[in-house]
Amino acid sequence: MRSQYIWIWIALAGAAACVHGQWLNHATPGTPRTRDGKADLSARAPRVSNGKPDLSGIWVAESATREELLRLFPGGENNLGEISPSRYFMNIFSDFKPEDIPIRPAAAAIAQEHRAGLAKDIPLTRCLPAGVPLVNALPAPYKLIQTPGVIAMLYEQDTSFRQIFIDGRKPLDDPQPSWLGYSVGKWDGDSLFVDTAGFNDRSWLDAFGHPHSEAMRVTERFHRRDFGHMEVQITVDDPAMYTKPFTITINQRLLPDTDLIESFCLENEKDRVHLVGK
């Protein structure tokens with residue numbers, strides 16, 4: 001089993017290798033600075049003309065602590081020289097006691113099957129999208145661009161994107177299943193609430209293989225605490241796989257003065273033939 005978890009780190013190496021973009025020394029306009037010229041991440045969160053917080057920026061999920069990695073990852077620490085993933089990337093139920101995980105027997109069986117062929121079957125190692133909510137926990141940056149009618153999320157991982165419509169439109173009644181679903185959002189005070197549905201059932205909730213069905217609905221609450229920190233509270237509601245909705249909170253940190261770069265998993269991909277699993 002240890003060798004299978006090592007393959008997760010290998011798969012993540014490509015995702016995390018491009019944390020810094022091609023303009024390494026380009027100062028982002030409007031960034032508050034400390035006296036030494038560094039970005040002041042504890043400054044007030046910026047706002048747009050209508051008074052709402054401006055969520056724009058390049059963000060990445062905060063890494064798990066060394067203790068969390070040792071607890072969740074039997075193979076040890078990440079020694080690849082890249083940033084470590086969030087604990088929720090490894091296991092979305094990392095906050096739960098095993099007996100408290102609201103998983104149905106059929107879903108537990110699927111998760112066990114996924115883990116049996118972990119290195120070979122995890123979608124990321126096959127250059128497939130991470131899906132929601134896993135995409136929020138990736139150890140790879142994304143750019144959030146906020147406009148009055150739509151928020152765009154540009155992911156460095158496989159140069160993919162997501163749209164959150166905040167123009168008052170209603171959720172789709174019968175959407176074509178997709179990897180990232182269909183998202184509509186609205187403001188409640190200083191928090192953006194996003195409702196996403198219309199998923200296919202091919203993505204995993206985490207690297208441990210917890211599944212979801214096409215009936216899954218995900219609600220996200222984005223709250224920018226200050227200039228450099230944002231909370232993303234995520235509630236997963238999938239009655240086909242889980243006995244009740246469950247909620248996690250992924251902390252995100254801003255990456256100032258940098259940008260995304262093009263990244264495609266399939267370009268020169270030579271790892272999959274070496275992966276193990278059923």
Side-chain angles (χ1 to χ4, degrees), residues 1-19 60-61 72-75 78 80 82-93 103 106-142 153-162 175-182 196 198-216 218 236 238 240-241 250 260-278:
M1 179 63 75
R2 174 172 175 171
S3 63
Q4 292 180 325
Y5 287 106
I6 291 174
W7 279 111
I8 293 180
W9 291 121
I10 294 175
L12 289 177
C18 299
V19 170
V60 70
L72 294 171
F73 178 45
N78 175 14
L80 296 176
E82 311 298 347
I83 61 174
S84 299
S86 161
R87 65 181 185 272
Y88 301 111
F89 176 90
M90 301 302 297
N91 182 3
I92 197 169
F93 293 110
I103 191 169
I110 294 172
Q112 184 62 37
E113 182 179 343
H114 285 168
R115 282 193 288 273
L118 183 62
K120 180 177 68 67
D121 293 336
I122 183 171
L124 286 176
T125 65
R126 292 181 285 133
C127 298
L128 293 172
V132 177
L134 181 58
V135 73
N136 292 316
L138 284 176
Y142 68 94
M153 303 176 80
L154 311 180
Y155 298 101
E156 189 170 270
Q157 176 74 18
D158 282 332
T159 313
S160 58
F161 70 92
R162 181 180 172 201
Q176 176 71 25
S178 64
W179 286 94
L180 296 174
Y182 304 85
T196 306
F199 298 102
N200 63 36
D201 61 359
R202 298 176 63 190
S203 64
W204 296 5
L205 295 183
D206 54 26
F208 277 14
H210 289 108
H212 69 83
S213 73
E214 291 187 357
M216 179 177 70
V218 176
V236 176
D238 186 357
M241 293 290 177
I250 300 178
L260 305 182
I261 67 171
E262 182 180 88
S263 174
F264 292 98
C265 172
L266 281 172
E267 186 175 26
N268 202 33
E269 196 283 314
K270 297 180 180 178
D271 291 329
R272 191 181 176 199
V273 294
H274 302 291
L275 302 182
V276 298
K278 292 183 179 181

Tightest non-hydrogen contact, residues A107 and I103, listed as CB-CG1, 3.5 Å
For S213, which residues count as a side chain to side chain contact (heavy atoms under 4.5 Å, CB included) partner, sequence neighbours excluded?
-> A215, D238, A240, M241
F264 atom CZ, neighbour heavy-atom count above 12 within 6.0 Å | yes
Step-by-step side-chain contact (heavy atoms from CB on, under 4.5 Å) determination, Y182 to Q176 | CA-CA 9 Å; Y182 304 85; Q176 176 71 25; 3.8 Å; yes
State, to 0.1 Å, how close C265 and L124 come at their nearest heavy-atom pair, and which atoms those are.
-> SG-O, 4.1 Å
Note: G198 and P175 closest approach over all heavy atoms is CA-CG, 3.5 Å
Sequence neighbours excluded, the answer for side chain to side chain donor-acceptor pair (under 3.5 Å) partners of T196 is R162, S183
When you measure from the side chain of S263 to the backbone N and O of T159, does any donor-acceptor pair fall under 3.5 Å?
-> no
L260 and P141, any side-chain heavy atoms less than 4.5 Å apart = yes
Using the test side chain to side chain contact (heavy atoms under 4.5 Å, CB included), find all partners of P129 that sit at least two apart in sequence or belong to another chain.
-> W179
Under the side-chain contact (heavy atoms from CB on, under 4.5 Å) criterion, do V218 and F199 qualify, and how do the steps go?
-> CA-CA 10 Å; V218 176; F199 298 102; 4.0 Å; yes
Show your working on side-chain contact (heavy atoms from CB on, under 4.5 Å) between L205 and M216 and close with a plain yes or no.
-> CA-CA 11 Å; L205 295 183; M216 179 177 70; 3.8 Å; yes
Here the pair of heavy atoms bringing D206 nearest to L134 is CA-CD1, 3.8 Å
Mind listing the closest non-hydrogen atom pair of Y88 and I250 along with its distance?
-> CD1-CG1, 3.7 Å
List for me each residue that meets side chain to side chain donor-acceptor pair (under 3.5 Å) alongside N136, sequence neighbours excluded, and say none if there are none.
-> E220
What distance separates R202 CZ from S178 OG, expressed to the nearest 0.5 Å?
-> 11.5 Å
How long is the span from the CZ atom in F208 to the CE atom in M90, to the nearest 0.5 Å?
-> 5.0 Å
Identify the two heavy atoms, one from I261 and one from E156, that lie closest to each other, and give their separation to 0.1 Å.
-> N-OE1, 3.0 Å
Heavy-atom donor-acceptor pair, D158 side chain to S160 backbone, under 3.5 Å = no
In chain order, what residues pass the ring pair (Phe, Tyr, Trp, His ring centres under 6.0 Å) check against H210, with sequence neighbours excluded?
-> F93
